[in-house]
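Quick caveat: nothing in here was measured; it's all calculated off a predicted structure.
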Amino acid sequence: MRVGILSMQRICNYGSFMQAFSLKKMIEFLGHEAVFIDFVPGRPLSSLRGGARQKVRYYTALAKETALLLGERCPGADRLFGREIRYAVSMRRNYRRKYLPLLGLDRNLQTDIPVDVLVIGSDEVFNCLQDRVTVGFTPKLFGRGCDAGKVISYAASFGETTPERLLASGRAPEIARDLSRFSAISVRDANSAGLIRLLVGKAPAIHLDPVLVWPALFQETRRKKGRYLLVYAYRNRLSESEKRSITDFAKKRGLLTVAIGGYQGFADRCILPDPEEIAAFVNGAEYIVTDTFHGAVFAILRHKRFAAFVRDSGGALPGNVNKLGDLLDRLGLRDRTADAEAIEAVLEQSVDYSEIDRLLLKERERSLEFLQENLKEELAGEET
């Protein structure tokens, strides 16, 4: 069958790419054709319902996104920007030229491909309250208006959209109607499972992220040379105390600090790796520090000592507890959580990955069984 994947595949983020690539390979392994379907970003709800401050934030973010697009598509335009923006522009160019082709994509959006089954996921496809102008509130991510005989989700996440926030938004009834049309729902974290129970009245399946289930690009065994600590973190989300603690730890052990995935001005080197180089950088790292879901996934796959900054929602920095905290809990790795004061103690603590490897094998089997069972056309007369 032709199976469509509606995901975050065009978001310039290595984790977004890896999960999309892995899900595609899982579907192809089961004997189906896999094609990606694009969505047109909607406007964030906060900019529609909020006051003047939220509207200013929205138009500022929109102007920044426009500047990045200009820099990406117009040779030489990035010279107008500072180092941090030049890095972001170069990252987007590299992503478009080297990452998207591996997914079978080019610059042109493919929004209306008819498919037998549509798989929505993985990643934050259900995070309908996010403020990013590259996603916003997009009903299509709940299957609305898609040309598919059947709709399911796999390891989908609501991210930092919580029951309280969703109910307050006034959008819960329409999202519940959309989700009730799904033939099967799979999520990847407890917050998302709770929201599904609230919205459709039944418990969804819970599965691991595709990168953990089918680490297609992590078969790479090469290692980057040199002694370094790898920083995989969002740009502008590490606090000053966290940056100092990373730098102090690296200097104490004679390590360089190498950043991928987001510009980090404090790092010795900020790298823009090709797709096959990501695993090589992870393989060669003596330690990894991250505040991202997939940064932890990469470290786990290569059995690294790592520290994760897990933050609750509502703080000075965006929360990640529903994603990253849930992942660490699910794999019995909550002791990898660190703050600026505890980073040395966490990084120096070894990790026993033997039980985690056994769990991953079991979860890979469960995930493939779920997809195999649900990647079938509906029988005539069966409800969808």
Side-chain angles (χ1 to χ4, degrees), residues 8 11-19 84 87-88 91 122-124 127 130-132 157-162 188-189 191 209 211-212 228-250 255 257-271 273 278 281-282 285-302 304-331 333-349 351:
M8 301 282 106
I11 301 298
C12 184
N13 177 287
Y14 301 142
S16 296
F17 164 79
M18 288 285 190
Q19 61 85 22
E84 183 175 349
Y87 179 93
M91 183 174 176
S122 176
D123 221 338
E124 295 184 50
N127 189 5
Q130 61 182 288
D131 287 330
R132 286 190 298 178
S157 176
F158 277 89
E160 293 308 298
T161 294
T162 61
R188 75 178 188 193
D189 56 73
N191 176 66
D209 184 87
V211 185
L212 283 169
Y228 60 91
L229 177 152
L230 187 68
V231 180
Y232 189 97
Y234 291 113
R235 179 177 60 87
N236 291 336
R237 292 197 187 177
L238 295 178
S239 68
E240 292 304 316
S241 60
E242 289 168 346
K243 295 174 186 177
R244 284 194 301 271
S245 66
I246 294 169
T247 302
D248 291 346
F249 178 87
L255 305 174
T257 50
V258 175
I260 64 172
Y263 182 82
Q264 307 295 341
F266 70 94
D268 295 307
R269 297 179 65 192
C270 291
I271 306 294
I278 295 176
F281 273 106
V282 173
E286 295 194 20
Y287 305 93
I288 296 176
V289 177
T290 187
D291 69 346
T292 77
F293 179 93
H294 284 106
V297 166
F298 299 164
I300 291 164
L301 287 173
R302 304 315 298 175
K304 292 296 177 176
R305 295 189 185 192
F306 73 99
F309 295 123
V310 179
R311 307 184 183 96
D312 291 325
S313 301
L317 295 166
N320 60 5
V321 66
N322 291 341
K323 302 179 297 177
L324 181 52
D326 181 271
L327 173 69
L328 298 179
D329 287 339
R330 201 166 295 282
L331 298 181
L333 288 170
R334 201 43 128 122
D335 60 353
R336 307 318 297 178
T337 301
D339 55 26
E341 289 72 31
I343 187 170
E344 181 172 358
V346 172
L347 287 175
E348 289 294 13
Q349 181 181 351
V351 187

Worked check of side chain to side chain contact (heavy atoms under 4.5 Å, CB included) between T292 and N320: CA-CA 8 Å; T292 77; N320 60 5; over 6 Å; no
Side-chain donor/acceptor of [X] to backbone N/O of [Y], under 3.5 Å:
{"X": "E348", "Y": "A345", "value": "no"}
{"X": "Y228", "Y": "F281", "value": "yes"}
{"X": "E84", "Y": "Q264", "value": "no"}

Find the distance between [atom1] ([X]) and [atom2] ([Y]) and round it off to the nearest 0.5 Å.
{"X": "R336", "Y": "R305", "atom1": "CZ", "atom2": "CZ", "answer": "8.0 Å"}
{"X": "L347", "Y": "F249", "atom1": "CG", "atom2": "CZ", "answer": "4.5 Å"}
{"X": "E344", "Y": "Q349", "atom1": "CD", "atom2": "CD", "answer": "13.0 Å"}
{"X": "I271", "Y": "I278", "atom1": "CD1", "atom2": "CD1", "answer": "12.5 Å"}
{"X": "S241", "Y": "E341", "atom1": "OG", "atom2": "CD", "answer": "6.0 Å"}

Using a strict cut-off of less than 4.0 Å between a Lys/Arg side-chain nitrogen and an Asp/Glu carboxylate oxygen, indicate whether K323 and E160 qualify as a salt bridge. no
Taken in chain and number order and not counting sequence neighbours, the residues that satisfy side-chain contact (heavy atoms from CB on, under 4.5 Å) with D329 are R334
With sequence neighbours left out, write down each residue that passes side-chain contact (heavy atoms from CB on, under 4.5 Å) with T257, or none if nothing qualifies. I246, A250, A267, D268
Could you walk me through whether L301 and V282 pass the side chain to side chain contact (heavy atoms under 4.5 Å, CB included) check? CA-CA 9 Å; L301 287 173; V282 173; over 6 Å; no
Walk me through whether L230 and F306 qualify under side chain to side chain contact (heavy atoms under 4.5 Å, CB included). CA-CA 9 Å; L230 187 68; F306 73 99; over 6 Å; no
Does L212 reach the side chain of L327, with side-chain heavy atoms less than 4.5 Å apart? yes
Check: F266 and R244 side chains under 4.5 Å, non-hydrogen atoms: no
Return the minimal non-hydrogen interatomic distance between [X] and [Y], and the atom names on each side.
{"X": "I343", "Y": "F309", "value": "CD1-CZ, 4.2 Å"}
{"X": "Y87", "Y": "G261", "value": "OH-N, 3.9 Å"}
{"X": "Q19", "Y": "S16", "value": "NE2-O, 3.0 Å"}
{"X": "N322", "Y": "G159", "value": "ND2-O, 3.2 Å"}
{"X": "G295", "Y": "T290", "value": "CA-OG1, 3.5 Å"}
{"X": "S157", "Y": "R188", "value": "CB-NE, 3.7 Å"}

Under the salt bridge (charged side-chain N to carboxylate O under 4.0 Å, His left out) rule, what do R330 and D326 come out as? Steps first, then yes or no, please. CA-CA 6 Å; R330 201 166 295 282; D326 181 271; 3.1 Å; yes
Worked verdict on V351 versus I300 for side chain to side chain contact (heavy atoms under 4.5 Å, CB included): CA-CA 9 Å; V351 187; I300 291 164; over 6 Å; no
Sole candidate of R235, K243, R311 that passes salt bridge (charged side-chain N to carboxylate O under 4.0 Å, His left out) when paired with D291: R311
Parallel under 30°, tilted from 30 to 60°, perpendicular over 60°: which one fits the rings of F298 and Y232? perpendicular
Should we count CZ of R132 as having more than 12 external heavy atoms under 6.0 Å? yes
Among all residues two or more places apart in sequence or in another chain, which pass the side chain to side chain donor-acceptor pair (under 3.5 Å) test with T247? none
Is it true that the side chains of D123 and H294 contain a donor and an acceptor less than 3.5 Å apart? no
